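All remarks here apply to the structure that follows.
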Amino acid sequence: MDGIRILGHEEATARIDELAEVLVDCVMGGASVGFMAPYGRDDAYAFWQGVIVAVADGSTLLFCAERNGRIAGTVQVGMRQMPNQGHRADIKKLLVKESERGRGLARRLMAAAEGAAAAGGKTVLVLDTATGSPAESVYRRLGWHWVGVIPDYALYPDGSFCSTTLFYKRVGPGAVAA
């Protein structure tokens with residue numbers, strides 16, 4: 001069934017090939033999501049195995065976007081924080097396969113992630129993204145508030161420096177704009 005939904009640990013384990021395919025597509029397409037080129041399936045398996053452990057212990061929610069019965073995109077919500085940050089969650093690794101972009105999957109993944117975080121009692125969400133990336137404009141359109149830019153924060157997969165832009169959004173009951 002196509003749509004946006006949460007993946008539990010068992011289903012994520014069973015569909016690790018599809019998850020790996022999405023991540024490899026994004027990294028090899030130049031996305032600054034923490035990995036360096038060349039990046040292959042074995043690298044992606046190692047990453048997803050860690051995410052699956054976090055899904056199993058409840059510290060991470062994993063959402064997928066499906067098209068034609070296959071995973072076309074994902075986003076994660078880091079729900080477990082330090083004791084003085086229990087009201088906050090981190091949005092992590094919004095990934096949409098290059099061939100599936102422009103279909104509203106990122107918007108729908110983010111709406112699901114934001115809704116689940118709010119339902120889990122979170123009121124402040126934070127994320128970072130490569131400065132100047134298409135994702136940066138997506139977050140602005142979705143009502144995320146720009147905080148600032150950290151120059152040379154990370155590297156693109158090709159090894160060149162990448163600045164990062166920080167955003168936040170209030171969610172849940174009583175959420176107000178900045």
Side-chain angles (χ1 to χ4, degrees), residues 4-9 11-13 15-16 18-27 29-36 39 43-65 71-82 85-97 100-101 105-131 133-140 142-150 153-157 162-172:
I4 308 297
R5 63 192 184 83
I6 197 163
L7 291 180
H9 136 273
E11 186 176 6
T13 300
R15 298 182 76 182
I16 196 166
E18 293 173 67
L19 293 167
E21 184 179 315
V22 172
L23 182 55
V24 170
D25 179 79
C26 291
V27 173
S32 178
V33 292
F35 307 104
M36 304 301 292
Y39 191 80
D43 302 310
Y45 286 156
F47 169 77
W48 285 114
Q49 287 166 344
V51 171
I52 290 166
V53 168
V55 167
D57 73 18
S59 61
T60 296
L61 303 177
L62 173 60
F63 291 86
C64 77
I71 296 175
T74 67
V75 69
Q76 300 165 51
V77 183
M79 296 292 283
R80 191 166 297 149
Q81 303 296 334
M82 297 300 292
Q85 300 168 32
H87 62 287
R88 181 176 71 75
D90 296 322
I91 300 295
K92 304 185 285 187
K93 306 256 185 293
L94 175 62
L95 305 167
V96 175
K97 287 178 75 173
E100 298 293 341
R101 294 180 189 158
L105 298 181
R107 176 185 47 78
R108 293 172 48 217
L109 281 163
M110 289 299 291
E114 292 170 16
K122 305 304 181 179
T123 58
V124 177
L125 305 180
V126 297
L127 63 80
D128 68 89
T129 192
T131 303
S133 70
E136 185 176 4
S137 62
V138 167
Y139 298 130
R140 289 178 189 267
L142 296 179
W144 284 74
H145 301 285
W146 180 89
V147 175
V149 173
I150 302 172
Y153 182 80
L155 299 174
Y156 285 108
C162 174
S163 297
T164 197
T165 301
L166 304 173
F167 287 94
Y168 79 94
K169 188 172 189 178
R170 294 189 183 276
V171 297

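Source: prediction; values computed, not measured.
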Listed partners of [X] passing side-chain contact (heavy atoms from CB on, under 4.5 Å), at least two apart:
X: K97; result: E21, V22, D25, S99, E100
X: A65; result: I4, L105, L109
X: A116; result: L61, F63

Could you measure the distance from the [atom1] atom of [X] to the [atom2] atom of [Y]? Nearest 0.5 Å is fine.
X: L95; Y: I71; atom1: CG; atom2: CD1; answer: 11.0 Å
X: T129; Y: L166; atom1: OG1; atom2: CG; answer: 10.0 Å
X: Q85; Y: R80; atom1: CD; atom2: CZ; answer: 14.0 Å
X: C162; Y: I150; atom1: SG; atom2: CD1; answer: 11.0 Å
X: R107; Y: Y139; atom1: CZ; atom2: OH; answer: 14.5 Å

### Task
Could you tell me whether Y153 atom OH has more than 12 heavy atoms of other residues or ligands within 6.0 Å of it?
no
Who passes side-chain hydrogen bond (donor to acceptor under 3.5 Å, both in side chains) against [X], sequence neighbours left out?
X: W48; answer: none
X: Q49; answer: none
X: T131; answer: T165

Check: [Y] and [X] side chains under 4.5 Å, non-hydrogen atoms:
X: K92; Y: V51; value: no
X: L23; Y: V33; value: yes
X: I91; Y: V75; value: yes

Salt bridge (Lys or Arg N to Asp or Glu O under 4.0 Å) partners of [X], counting only residues at least two apart:
X: K93; answer: none
X: R101; answer: none
X: R140; answer: E136
X: R15; answer: E11, E18, E66

### Task
Check ring-ring contact (aromatic ring centres under 6.0 Å, His included) between Y39 and all other residues, then give those that pass, not counting sequence neighbours.
F35
### Query
If only atom types and distance count, is the side chain of S32 paired as donor or acceptor with the main-chain N or O of A130 below 3.5 Å?
no
### Task
State whether a side-chain donor-acceptor pair under 3.5 Å links Q81 with D90.
yes
Pair up each side-chain donor or acceptor in residues 117-128 with any protein partner under 3.5 Å, not counting sequence neighbours, and list the distances.
{"residue": "K122", "atom": "NZ", "partner": "M79", "partner atom": "O", "Å": "2.8"}
{"residue": "K122", "atom": "NZ", "partner": "G86", "partner atom": "O", "Å": "2.7"}
{"residue": "D128", "atom": "OD1", "partner": "T164", "partner atom": "OG1", "Å": "3.1"}

Please report the closest heavy-atom contact between [X] and [Y], naming both atoms and the distance.
X: L19; Y: A12; answer: CD1-O, 3.7 Å
X: M36; Y: Y156; answer: CE-O, 3.4 Å
X: G78; Y: T60; answer: CA-OG1, 4.5 Å

### Message
L7 vs R5, test: side-chain contact (heavy atoms from CB on, under 4.5 Å). Steps then yes/no.
### Response
CA-CA 7 Å; L7 291 180; R5 63 192 184 83; 4.1 Å; yes
